[in-house]
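Whatever order the structure lists them in is the order used to number ligands and atoms, beginning at 1. In this chain, numbering begins with 1 at the start of the sequence shown.
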Amino acid sequence: MDRAPAGSLHAAAVLPAGGSGERLGGSIPKQFCTVLGRPLICHTLESFERVTWIKDIVVVVASENLDLMKTIVNKYGHKRITVVVGGETRHRSIFNGLKVFLDGQSLGSVIQKPEVVIIHDAVRPFVEEDILLQVAISARQYGAAGAVRPLVSTVIASSPEGCLDHSLERAKYRASEMPQAFLFDIIYQAYLKCTEYDLDFGTECLHLALEYSNTKAKLLEGPPDLWKVTYKRDLYAAESMIKERLSQHLCIITNINEEAIEVGFQLHENLKHHISHVKAISLSMYKTVQDLQNIFHGECYNFICINVKESDLEETCKLVDLLKNGKVTTSYPLVVISIHLTVPNCCSSDTQTLTGIRQLAKEAKKSNILVYGLLITYSKDASRLQESVCEGSSIITALIKVRNPALLGQIMTV
Ligand SMILES: Nc1ccn([C@@H]2O[C@H](COP(=O)(O)OP(=O)(O)OP(=O)(O)O)[C@@H](O)[C@H]2O)c(=O)n1
Ligand SMILES: O=P(O)(O)OC[C@@H](O)[C@@H](O)[C@@H](O)CO
C-alpha cells in the first residue's frame, strides 16, 4: 500500500487488558499467559512498539494487575507505555484509557491528547503496521474506522422457544475485529454520552461512535491474523503462529574449509525446501551482529554454524557471543545449531564436545538463545554424505520450527 505521510499523524493507542479471561479458563487472565517465554500482552505491545508514529500506548488493566503489568513493562523493556486501571467491563476500561489523555494534560504528564486514537484488544497479538495505518488514516477522513473479517459461521436468531427464528444472509455481514481508530473527540464524546447499559453490556466501539457521535465508521477488510485470543486453543494457535513466523529465515555460517563448504552447500539445497529464506555465508562476511541482521533486514532468528573439527566449538562460541552482545533481539528466542563434522566409524562423540555444547547452551539460554548440537558424518562417498545431510536437514528444520527447550545443549547425530 502507498504509505500516506504517517509522520504527519499524531496517533496513540489504547489496549484494553482488564479482563479476567473466563472463557480461556486459566489460573491467570489470558493476556498474562505465557506464549513462547513471555506474557501474551508482550507480543501485542511489541507489535505496537514497532510502529513509530504511535506516540503513546495506554494499557488498561484491572486494579489487581496494575503492579504485575508495570513489572512486565520494566522486565521486557517496553517503551511509550502508560498503565492505567480499567473498569468492570471492556467499555469502561476503554473509557478509562481514553480519560488519561485528558487527565494527563491537567496533571502535566507527557502524554498528549492525540488526533487519532487506536483501540485494540490486548489479546490480539498479530497486528501489523499496514492495518494500523489504514484504520488511522481512514479515521482521520471518516471520523472512525474498523477492521472487519468475513463471517465463518452463519448468524441465526432464536425464537423464545429456542428454535430457529431466522438466519442472516452471511455475505451481507462482517465480523467486527480490531484495530479500530477514531478521531479522539468523536469516541470520547460518544463515551461521555452513552448510557450505563452501553457501558455494561455493549461490545462495539463503532456502534457508540454511530449512536452518540453520528459517525459512520469506515469498514476495512483486515488480514486473517487479527483474531482475538479467547479460548485455550487460541493460545496454542498463537504460539504456533509465532514459531512459524520465527522459522522463516535461516543463516548458514561456514568457514573456508572444503568439507564445511560442501556440507553448507548441501544443507542450503535441502533446507530451502523447508524454510522460506535460507542464506549461506562464510565467517569472513560478517564482523558485527548488524552485518548478520543486514543479510535478512533484521529478520533472522535462526543460525547454523558449521565447525570442521568435531570438538571445535570456537566459531559457535564467537557467534553466540556476537548475538548475545549485539542485542539482536530479546523479543524472541534465537536458535543456534552447532554442526560438527565427524568421520565414518568414529567412536562415541568427543566428550569435550558434549560438555562444551551443554555448557554453552546453559549460558546462552540466559540471553534467550537456544543452542543445539548436530554431528554430521562427513563421507567422501557422495551418496552417503547426501543421506547424512538430508537427515541432518530434517533435524535442523524440526529444531527451528519447534524450538524445544528440552533439547538445549543436546547433540543429535546423523
Ligand atoms: N473489564 C474488562 C473486560 C475485558 N477487557 C479487555 O477487552 C479485551 C477483549 O475482551 P475479552 O476477549 O472478552 O476478554 P475477557 O473479558 O478477559 O474474556 P472473558 O469474556 O472470557 O472473561 C481483552 O483484552 C480484555 O482484557 C478489559 O480491558 N476490561
Ligand atoms: O466481546 P468480547 O469482550 O469477548 O471481545 C470484544 C469484541 O467484541 C471486540 O473486540 C470486537 O468485536 C470489535 O468490537
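Nearest protein neighbour of atom 8 (C) of ligand 1, counting heavy atoms only, is D121 OD1, 3.6 Å. Remark: minimum distance from atom 10 (O) of ligand 1 to any protein heavy atom is reached at R90 CD, 4.0 Å. With respect to atom 29 (N) of ligand 1, the closest heavy atom belonging to the protein is S93 OG, 2.7 Å. Looking only at heavy atoms of the protein, atom 5 (O) of ligand 2 is closest to K228 CE, 3.2 Å. Atom 28 (O) of ligand 1 has its closest protein heavy atom at G18 N, 2.7 Å. Nearest protein neighbour of atom 15 (P) of ligand 1, counting heavy atoms only, is G21 N, 3.8 Å. Closest protein heavy atom to atom 25 (C) of ligand 1: G19 N, 3.7 Å.
Side-chain contact annotation: Q386 with E269, donor-acceptor N/O pair under 3.5 Å absent. Judged purely by distance below 3.5 Å, without hydrogens or angles, the side chains of Q248 and S276 pair a donor atom with an acceptor atom. There is a side-chain donor-acceptor pair under 3.5 Å between T195 and D198. A donor-acceptor contact closer than 3.5 angstrom is absent between the side chains of T342 and H340.
Using 4.0 Å as the threshold, R124 has no heavy atom nearer than that to any atom of ligand 1. Residue contacts with ligand 2 include S176, since one of its heavy atoms falls under 4.0 Å from the ligand.
Among the candidates L267, T316, I253, the single residue satisfying the side-chain contact (heavy atoms from CB on, under 4.5 Å) test with I339 is L267. The side-chain contact (heavy atoms from CB on, under 4.5 Å) test with I396 is passed by exactly one of I337, N302, N270, I252: I337.
The parts of S20 lying near ligand 1 are both backbone and side chain, judged by heavy-atom distances below 4.0 Å. Only the backbone of E177 comes within contact range of ligand 2, with a heavy atom under 4.0 Å; no side-chain atom does. Contacts of V123 with ligand 1, taken as heavy-atom pairs under 4.0 Å, involve both backbone and side chain.
Within the listing of ligand 1, atoms 1 (N), 2 (C), 29 (N) sit less than 4.0 angstrom from a heavy atom of T89. Taking a cut-off of under 4.0 Å to the non-hydrogen atoms of A122, the atoms of ligand 1 that pass are 24 (O). Heavy-atom proximity to D121, at under 4.0 Å, picks out these atoms of ligand 2: 9 (C), 10 (O). Close approach to E88 involves these atoms of ligand 1, each under 4.0 Å from a residue heavy atom: 1 (N). Residue E22 has at least one heavy-atom neighbour below 4.0 Å for each of these atoms of ligand 1: 19 (P), 21 (O), 22 (O).
Checking T203, I94, T230 against atom 1 (O) of ligand 2, the nearest heavy atom belongs to T203. The option with the heavy atom closest to atom 1 (N) of ligand 1, from among P16, G86, A17, G87, is G87. Comparing heavy-atom distances from atom 4 (O) of ligand 2 across R124, E204, R23, Q180 singles out R23 as nearest. For atom 9 (C) of ligand 2, the nearest non-hydrogen atom from the set M178, H120, R90 belongs to R90. In this comparison of K228, K30, R23, the heavy atom closest to atom 14 (O) of ligand 1 sits on K30.
The closest side-chain heavy-atom distance from L36 to P333 is below 4.5 Å. For the pair E391/M412, no side-chain contact is recorded, criterion being any heavy-atom separation below 4.5 Å from C-beta on. Residues L183 and Y142 form no side-chain contact, since every pair of their non-hydrogen atoms from C-beta on lies 4.5 Å or further apart.
More than 12 non-hydrogen atoms from other residues, nucleotides or ligands lie less than 6.0 angstrom from NZ of K228. Annotation for K272: atom NZ counts as buried by contact number, over 12 foreign heavy atoms lying within 6.0 Å. More than 12 heavy atoms of other residues, nucleotides or ligands lie within 6.0 Å of NZ in K193, so this atom counts as buried by the packing criterion.
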query = Could you go step by step and tell me if T254 and F265 meet the side chain to side chain contact (heavy atoms under 4.5 Å, CB included) rule?
reply = CA-CA 10 Å; T254 174; F265 175 77; over 6 Å; no

